[in-house]
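Presented below is the structure to which this report refers.
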Amino acid sequence: MSTTQLLAPNVSAQHWADPSHPDDRPFIRKYVFSTDHKTIGNQFMFMSLFFLLVGGALAMMIRWQLGWPGQPMPGGGVLPETMAPGGILLPEFYNSLVTMHGTFMIFFAIMPLLVGMFGNWLIPLHVGASDMAFPRLNMMSFWTAVPAGFIMLTSFAVEGGAAGAGWTAYPPLSAVPEYSGVSTGQQLWCVSLVILGFSSLMGAVNYITTIVNMRAPGMTWLRLPLPVWALFITAILILLAMPILAGALIMLLFDQTLGTTFFLPETGGQPLLWQHLFWYFGHPEVYILILPAMGIASEVIANGSRKPIFGYPAMVGAIIAIAFLGWIVWGHHMFQSGMNPLLGSSFMLSTMIIAVPSAIKVFNWLGTIWRGDIHFHTPMLNALAFVGMFVIGGLSGVFMASTPVDIYIHDTYFIVAHIHYVLFGGSLFAIFAGIYFWFPKFFGRMLNPTLGKIHFALTFVFYNLVFFPMHNLGLGGMMRRIYDPNQYGFLEPLQPMNTFISVFALALGASQLVFIINILWSLWRGERAPENPWSSNSLEWDLPSPPPHGNFEAMPAVYRGPYEYSYPGRGEDFWPQSEPPDGQQVSVKTGGSPVAEGVPQ
Amino acid sequence: MPESASTFGTGIDSIYYIILWITGAIFVFVETALIVFIIRYRHREGRVAVHTHGSKKAEIVWTVIPFILVLFIVYASNDIWLQVKRADQEGAAPADALPLRVVAKQFEWNVTYPGPDEELDTSDDFVKRNQLHVPIGRAVRIDLGSEDVIHSFFLPDFRVKQDAVPGMTIPVWFEATRTGEFPLACAELCGLGHYRMRASLTVHEADDFDRWQAEELAAGTPAEVADGPEADTAEENRVSEGEGSA
Amino acid sequence: MAHKKPNYYLVWLYLLILTVAEVLVAFASGLPFEVLVFILLGLAVWKAALVAMYYMHLRFEPPRLVVLALAPIPLAILITIVVVTMEGF
Amino acid sequence: MSRAAAIHAQAPRPMEGIRVYNVKLGMWVFLLSEVMFFSGLIGAYIILRFAHPEQWAAPGEVLNVPLTAFNTFMLICSSVTMVKAFAAIEHGDQAGLKKWLLATIVLGAAFVGIQIFEYMKLAEHGFVPIASQYAAEGGPLYGSTFYTMTGFHGAHVSIGVLCLIFTASKAFRGQYTEEHYAGVEIMGLYWHFVDLVWIILFTIVYLI
Ligand code: HEA
Ligand code: HEA
Ligand code: CUA
Ligand SMILES: [Cu+2]
C-alpha cells in the first residue's frame, strides 16, 4: 500500500468542530445515542454514580446488621419476607448484600467511573483528536454497560435472591444452588458480567487505537498528560484481563446450567482452577481500578501546587512497572487456598516488589508539592487525600503480602480495611478530585466550592473513622462475610467497635448527599465555567466549556509537556501545551491533513 | 491479636511486628512529610513554585531503599511460612505428630481421632462433631478435607488458617503451648450458615488427653457421625432441614 | 503494495504438508508421549507462525505493530507454566 | 533549565501513530484479547488434563481424527481464498474479489457443517459434556473441555461467515476499490486468526 496511506492516519477523516454552522443533531443523537465522546463520558458518569449510590445503600444495610445484629432495620419493613422479615435481615440476604455491594462498587461504579467516564472525557481532548477512533463502537460500549447493570439489579428480584457467593464467587458454592440457596441470581450475575466484559473490551480497543494513532502534531509520548498514560496502560490491562474473566464466567455458567464439572470435584473438576483464573484477571483488575486514579491525582496535584510533576519519566515508568508486575502476583489471594506453598513464596516476592514502583509514585507526588505554591481548591484537597489514604492501603497490603502474616489476617476485616483504603481512599477520592476538576469543562458550570469542601471534610473524617478501626477488627480475628459476629465468644468484645463503625458509616453515607446536591444544583444553577478555571495546561482548557461537537476547529499543535507550571520568566504561572513558543503565530493549518487522502475507509 | 498458643505462633507474630515497625515508620514519614509540605508550601501572596522536573538522585534513593526493605521482609517471612505450611515435608512438622482427620461440611467440623493405636482408619477410630481435642506439647497433624464447598479451618489463637477444599486433602499441623478451650472458626464464605460454623478446640495435659480418649471409647462414640444437625445449632440450622445440604 | 507479495499457494502447501506430518507423527511414529507433545506443539506453532506472518502480513507490517501483536504471548505462556508447575494440586 | 529549554525546541510535526490505519490497528488490538480468551480456555484444559490424565482417551479413540483433519484442510484452504480476495482488491480486481470471497464463505460454512455433523456423531456415542450422562471412554472433563474449546472456535467461525456474507454483499455492490479495501483486509485478519486458533486447537485437542 502506498506510503501516503500509511502516513499520519490520525489526521484522516477527523470531523473538526465548525463554528460557522451550529450543531444540528436531533435530540436523540445528541443526548441519548450520541457518538460524541463527551456525551458518552457524561452518560457513564450518571450511570456509575447511580450504581455507586446503590452500592452505598447496600453497604448501609451491611453496616446496620453488623452494628446492631438482629435488630429490625429502620424502614427495613419495606423489604419482602424473603430478604428481611419484619426488617430483620436474613443471613442469606446478608450474603447477597455483601456480594452485590462488592460487585456493584467494583464493576459498576469505580470501573466505569475511572475508565468509562474519565477515559471518554479525557483521551480525545488530551491527545488533541476530534473524537475517539471508533465513535459508534464507543456508543455501543455504553449501551451494553447499561443492560449489564440492569440485569445485575433485577437479580435481586428473582427467585432465590441475588448472587450470594461473594464478589469472588468461589465454586462449588457459586456453582451448586443446593449449597448456596441461590440459583437464578448467580447465573444472572455471570451473564451480567460477561456482557459488561464486552462493554469494557469495546472501550479498551477504542482507547488504545485513539492514543496510539490520533495524537496531534507535537503530542509525543513523553508529552502526554499522565491520565492518558494511565488510561492507556489500563486499557491494555482490560484488553488482556477481561477475556480471562469471560472465559472463567462462561465455564462457571456451564457448571451451573449445563451440568459440566469444570470446578466441581465429584468428577475431577478443580475448585482452585476458578480461583487461578479469577485472580489472574482479578489482580490486574485492581490495578485497573487504581492506575487511572493515580493519573488523575498526578494531573490535579501538579496543577494544585503549580509545579511540574516531579520525575515525569519515572512516573510513566512506574505505571508500566505496576501494570506489568500486576500480572505475576495473582497468587497472593490464594496463599491459604491449598496452593503449593513454594508457589506462595514466589508470589510473595513478586507481590512485595510492587511496593517499589508504588514508592516511586508516592514519593514523586511528595516531590511535586515540595516547594510548590499549593492552592487548596476542592480537587486538590481530594487529590492530597488520595495520596495519604493510598499509602495506608498500600502499606496494609504489605502485611498481607507476607505469607506468614497473611495466615492470620486472610479473610478477616484486615482485608476489608485494605480493600476500602485502596478503593475508597484511593480510587474514589481520586474520582471525586477528577469530577470536581473536570465537571466545569463538560457541563459548563462550576461545582459549588463551599459544598465541595464540606463534602470533602465530612467524607474524609467519617471515612477514616469507619475504615481504620477495621484493621483492629481484623487483628481481633473477625472474619469477613459473617452475618453475626456474636456467634463467636471471642468476637463479642468487638461489638462496640462494630457499632461505632456502623454509626459513622451511616454518617458517611449521609454526607454523600452533599455531593449529590452539589452536582444536581450546579448542573442548572452553578456559576458559569470559564474556559480555563484552574489555569491548567492541557489542550482541553483552550476550548469553550463545554467543548463543541468535534472539539477543536483544526488539528491543534503541541509545543511542550503538560506540566510546565511556574516556568521562570513568564508572566503567568502556567504555560498551555498549545501556546507556540515566544509569540510565534499558530497557523490554523498546522499539521493539516494533506496526507490524509486514500486512507482505506 | 490474641496471645499465641502454638509453637510457631510467636514466630509469625514477630514477623508481623517487624512489618509493623517498617511500615509504621514509612507511614509516619510519608504522612508527616505530606502534612508539613501542605502547610509549609500553601499559597501565599508572591510565592512562586520552584520550576523543577525532578532529581534523578532522589528518585534512585527512594527506589532502592524500598526495594531493600521489601526484600528483607520476604527473606524474614519465607522460612516460617514453609515451616507452617509444608506439613508433609521433611523437617517442617515434627515426625511424631498425632494424626487427626478433620472434614468440613455445611456447617460443621467432623474430627476423626485415631484412638490409642494412633493410626487413622483403624477399628478404634472415633469421630466427634465440632469438638477438636489435642494434647499439649505434642504436634498434631491434621488431614483437612471438605465434603461440599470450600471452608477455611481457622484457629485464631494458633495462627492457623487453611482452606478446606473439596476433592483435596491438605495437611495442617500445629503444636499447642497452652491448655484450655479455644475457638475454631470457619473463615471462608460457605453459605448462609457460614457465620455460625464454629467449633471448639480443647487443649489437654498429655495424660488428661488419654483419659478423655478412654472415656470417649468407653462411651462407644461411633466411628461415623450420625447425620442430622448438632445439638446446639439444631434450631435455625436452615440448610440441613430446609434446602437440604449434601 | 510496499512489499513484494509472498506466494500464498506456497504457504498453503507448507501448511498442508505440516498438517499431514502432524497426523503421521501423532499416530504412525511410536515416539514416547513427552517427545510427541514436544514435536506436535512445535509443528503447530510453526504453522501458526506461517499464517500470522504471511496471511496476516505481520511480516510486512511496521515493527511496532509486530511488537504489539506478540505482546500477550508471554502472558499466555506464563499462566500455563505456573499452573503446570503446581503439583500442589 | 536546559531540560525546560529543550521542551519547546521540538517543532510540531504530524504524528504518525504506528503507520497503521485505525480500523486495522483496532482489529489487531481486538485480536489480542481474543488470544487471551483462548489462552484462558486452553490453560483450563491443561490444568484439568494434568490433574486427571486418566479421563482422556487416547487420541483417535473417541474423536474422529480423519474427519477433523479434512476439516482442518478446508479451513486452511479458506485462508488462501481469503488472502487471494484481499490480493485481488488491492489491484482493483473486482471479479477476483467476489469470486474468492464466495469461495471463502462456502469453505467456512462447510467447516461449520462438518463440525455440527461431528458433534452429532459424538453425542450418539455418548460423548457429551454433561457429567451425569457421560458414557464414552475417559471421563466427563474430556467432553467438557472438548466441547467448550471447539464450540467457541466454531462460534467464531460462524460469526466469521456472517461477516463474510456482509463483506461479500458490499463487494457485489462494488463498494471496495483499489484505494478503499480496509473492510476486506480486517475481515481477512479476523478470518486468518480463527484459522490460526484452529491450528493450535487441532493439535492439542485431537492429536495430543
Ligand atoms: C485499587 C485496588 C487495590 C490496590 C491498588 C491494591 C494494592 C495492593 N494489594 Fe490489594 N486487594 C484489593 C485491592 C487492591 N490492592 C482488593 C479488592 C482485595 C480483596 C479481594 C477479595 O475480596 O478477596 C485485595 C487483597 C489483597 C491481598 C489478599 C489478601 C488476602 O485475601 O489474604 C493481598 C496479599 O498480598 C494484597 C496485596 C496488595 C499489595 C502488596 C498491593 C500493592 O500494590 C500496594 C503498593 C503500595 C504501597 C506499598 C504503598 C506506597 C509505597 C511506599 C510508601 C513505599 C515504601 C513501602 C514499603 C517499603 C513497603 N491485596
Ligand atoms: C470501590 C469500592 C467500594 C466502596 C466505595 C465501598 C464502600 C463501602 N463499603 Fe465496601 N466493599 C467493597 C468495595 C467497596 N466498598 C468490596 C470489593 C468488598 C468485598 C465484597 C465481598 O466480600 O465479596 C466490600 C465489603 C465491605 C464490607 C465487608 C462485608 C463482609 O465481609 O461481611 C463492609 C462492612 O462494613 C463494607 C462497608 C462499606 C461501607 C460502609 C462503605 C461506604 O463507604 C459507603 C458510603 C456510601 C457511598 C460511597 C455512596 C455514596 C454515593 C455517591 C457518592 C454517589 C452520588 C450519586 C449521585 C451524584 C447521583 N464493604
Ligand atoms: Cu464453612 Cu464458612
Ligand atoms: Cu491482588
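Proteins get letters first, then strands, A, B, ... in listed order; numbering begins at 1 in each. Predicted model only: the values in this text are computed from it and were never measured.
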Output the distance between atom [atom1] ([X]) and atom [atom2] ([Y]), rounded to the nearest 0.5 Å.
X: A/F262; Y: D/T148; atom1: CZ; atom2: OG1; result: 3.0 Å
X: D/L48; Y: A/F263; atom1: CG; atom2: CZ; result: 8.0 Å
X: A/L258; Y: D/S144; atom1: CG; atom2: OG; result: 9.5 Å
X: D/S33; Y: A/F198; atom1: OG; atom2: CZ; result: 9.0 Å
X: A/F134; Y: D/L25; atom1: CZ; atom2: CG; result: 7.0 Å

What do you reckon, is OH of D/Y119 surrounded by more than 12 foreign heavy atoms closer than 6.0 Å?
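Check passes, neighbour count above 12.
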Using a 6.0 Å cut-off, check whether atom CZ of A/R570 has over 12 heavy atoms from anything other than its own residue.
yes
With D/F30 as reference, evaluate A/V205, A/T209, A/L239, A/I208 under the side-chain contact (heavy atoms from CB on, under 4.5 Å) test and give the passing residue.
A/V205
Where on [X] is there a heavy atom nearer than 4.5 Å to chain D: the side chain, the backbone, both, or neither?
X: A/L201; result: side chain
X: A/F281; result: neither
X: A/M251; result: side chain

Backbone N/O of A/T267 and side chain of D/Q55: donor-acceptor pair under 3.5 Å:
yes
[X] versus chain A, heavy atoms under 4.5 Å apart: side chain, backbone, both or neither?
X: D/P129; value: both
X: D/Y147; value: neither
X: D/T177; value: neither

